[in-house]
Amino acid sequence: MSTIRNHVQLIGNVGQEPTITNLESGKKVARFSLATNEYYKDSKGEKQTDTNWHTVVAWGKTAEIVEKFVEKGKEVGITGKLKTRTYTTDDGNQRYVTEVVADEILLLGSKSDK
């Protein structure tokens, strides 16, 4: 049962070029936005799209895969977990951020995609 606690699976399109950061410790971290779409028909029978945006963070080897192969528009599958962190802004307000910490990234789409 513990393997399904805090487990996220998403398939979507990368919204912006990933940001890669090399930390002083030698670790690498990648961040990018991921858009997931849900489709439904409204009361008039017209197809509608609901898009949700997620911030994805990848560390180590997973970040290296993101750096080499992931770019804006690319369709990817993500498995990982949700992580919420807090920070205080310069004006003293506390903010909360929820991110998807990626354990695995699956590159989707055809090989002809850039």
Side-chain angles (χ1 to χ4, degrees):
M1 226 18 179
S2 65
T3 59
I4 62 171
R5 292 179 197 252
N6 194 9
H7 181 80
V8 177
Q9 290 182 313
L10 298 170
I11 294 176
N13 293 88
V14 177
Q16 64 190 32
E17 291 298 324
T19 302
I20 310 298
T21 306
N22 293 302
L23 303 176
E24 289 180 17
S25 64
K27 270 193 161 184
K28 188 173 284 200
V29 61
R31 292 180 184 276
F32 62 94
S33 61
L34 185 74
T36 56
N37 294 317
E38 289 185 62
Y39 303 99
Y40 64 94
K41 289 188 178 180
D42 64 15
S43 59
K44 298 176 185 174
E46 296 175 6
K47 186 177 178 181
Q48 300 293 320
T49 303
D50 182 27
T51 302
N52 287 289
W53 288 93
H54 314 275
T55 300
V56 179
V57 179
W59 294 87
K61 296 276 187 199
T62 309
E64 291 175 16
I65 291 169
V66 170
E67 182 178 34
K68 289 179 185 174
F69 301 109
V70 175
E71 58 188 16
K72 181 178 179 178
K74 180 79 175 164
E75 185 179 32
V76 295
I78 305 283
T79 61
K81 62 184 176 185
L82 292 178
K83 186 84 168 185
T84 301
R85 59 186 174 85
T86 61
Y87 67 93
T88 305
T89 61
D90 292 338
D91 58 1
N93 293 320
Q94 194 164 15
R95 301 277 188 230
Y96 297 87
V97 177
T98 300
E99 302 167 320
V100 177
V101 178
D103 295 323
E104 290 184 56
I105 295 184
L106 179 64
L107 304 172
L108 302 172
S110 66
K111 288 186 179 183
S112 65
D113 288 351
K114 283 191 168 186

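Just so it is clear, the model here is predicted, and its values are computed rather than measured.
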Tell me whether the NZ or CZ atom of Lys47 lies within the 45° cone about the ring axis of Tyr39 and under 6.0 Å from its centre.
yes
Decide side-chain contact (heavy atoms from CB on, under 4.5 Å) for Ile11 and Leu108; before the verdict, give the C-alpha distance in whole Å, the side-chain angles of both, and the deciding distance to 0.1 Å.
CA-CA 9 Å; Ile11 294 176; Leu108 302 172; 3.7 Å; yes
Going from [atom1] on [X] to [atom2] on [Y], what distance comes out if it is rounded to the nearest 0.5 angstrom?
{"X": "Asn13", "Y": "Leu34", "atom1": "CG", "atom2": "CG", "value": "7.5 Å"}
{"X": "His7", "Y": "Asp103", "atom1": "NE2", "atom2": "CG", "value": "8.5 Å"}
{"X": "Arg95", "Y": "Thr86", "atom1": "CZ", "atom2": "OG1", "value": "12.0 Å"}
{"X": "Thr19", "Y": "Arg31", "atom1": "OG1", "atom2": "CZ", "value": "8.5 Å"}
{"X": "Glu46", "Y": "Tyr40", "atom1": "CD", "atom2": "OH", "value": "11.0 Å"}
{"X": "Asn37", "Y": "Thr51", "atom1": "CG", "atom2": "OG1", "value": "4.0 Å"}

Has [X] got more than 12 heavy atoms of other residues, nucleotides or ligands less than 6.0 Å from its [atom1]?
{"X": "Glu38", "atom1": "CD", "value": "no"}
{"X": "Glu104", "atom1": "CD", "value": "no"}
{"X": "Tyr96", "atom1": "OH", "value": "no"}
{"X": "Asp91", "atom1": "CG", "value": "yes"}

Is there a path of hydrophobic side-chain contacts, each under 4.5 Å between heavy atoms of I, L, V, M, F, W or Y residues, that connects [X] with [Y]?
{"X": "Val29", "Y": "Val14", "result": "no"}
{"X": "Leu10", "Y": "Val70", "result": "yes"}
{"X": "Ile78", "Y": "Ile65", "result": "yes"}
{"X": "Leu106", "Y": "Val57", "result": "no"}
{"X": "Val76", "Y": "Val8", "result": "yes"}

Where [X] and [Y] come nearest, the two heavy atoms and their spacing:
{"X": "Thr62", "Y": "Ala102", "result": "CG2-O, 4.2 Å"}
{"X": "Gly15", "Y": "Trp53", "result": "CA-CZ3, 3.6 Å"}
{"X": "Pro18", "Y": "Phe32", "result": "CA-CB, 3.9 Å"}

Mind checking whether Thr84 and Val97 have side chains closer than 4.5 Å, heavy atoms only?
no
Quick one: are Val66 and Ile105 in side-chain contact, heavy atoms under 4.5 Å?
yes
Judged by atom type as modelled, is there a donor-acceptor pair below 3.5 Å linking the side chain of Gln9 to the main-chain atoms of Thr79?
no
Can you sort out the partners of Glu67 under salt bridge (charged side-chain N to carboxylate O under 4.0 Å, His left out), two or more places apart, ordered by chain and number?
Lys28
Criterion side-chain contact (heavy atoms from CB on, under 4.5 Å) on Gln48 and Lys41, from CA distance to verdict:
CA-CA 6 Å; Gln48 300 293 320; Lys41 289 188 178 180; over 6 Å; no
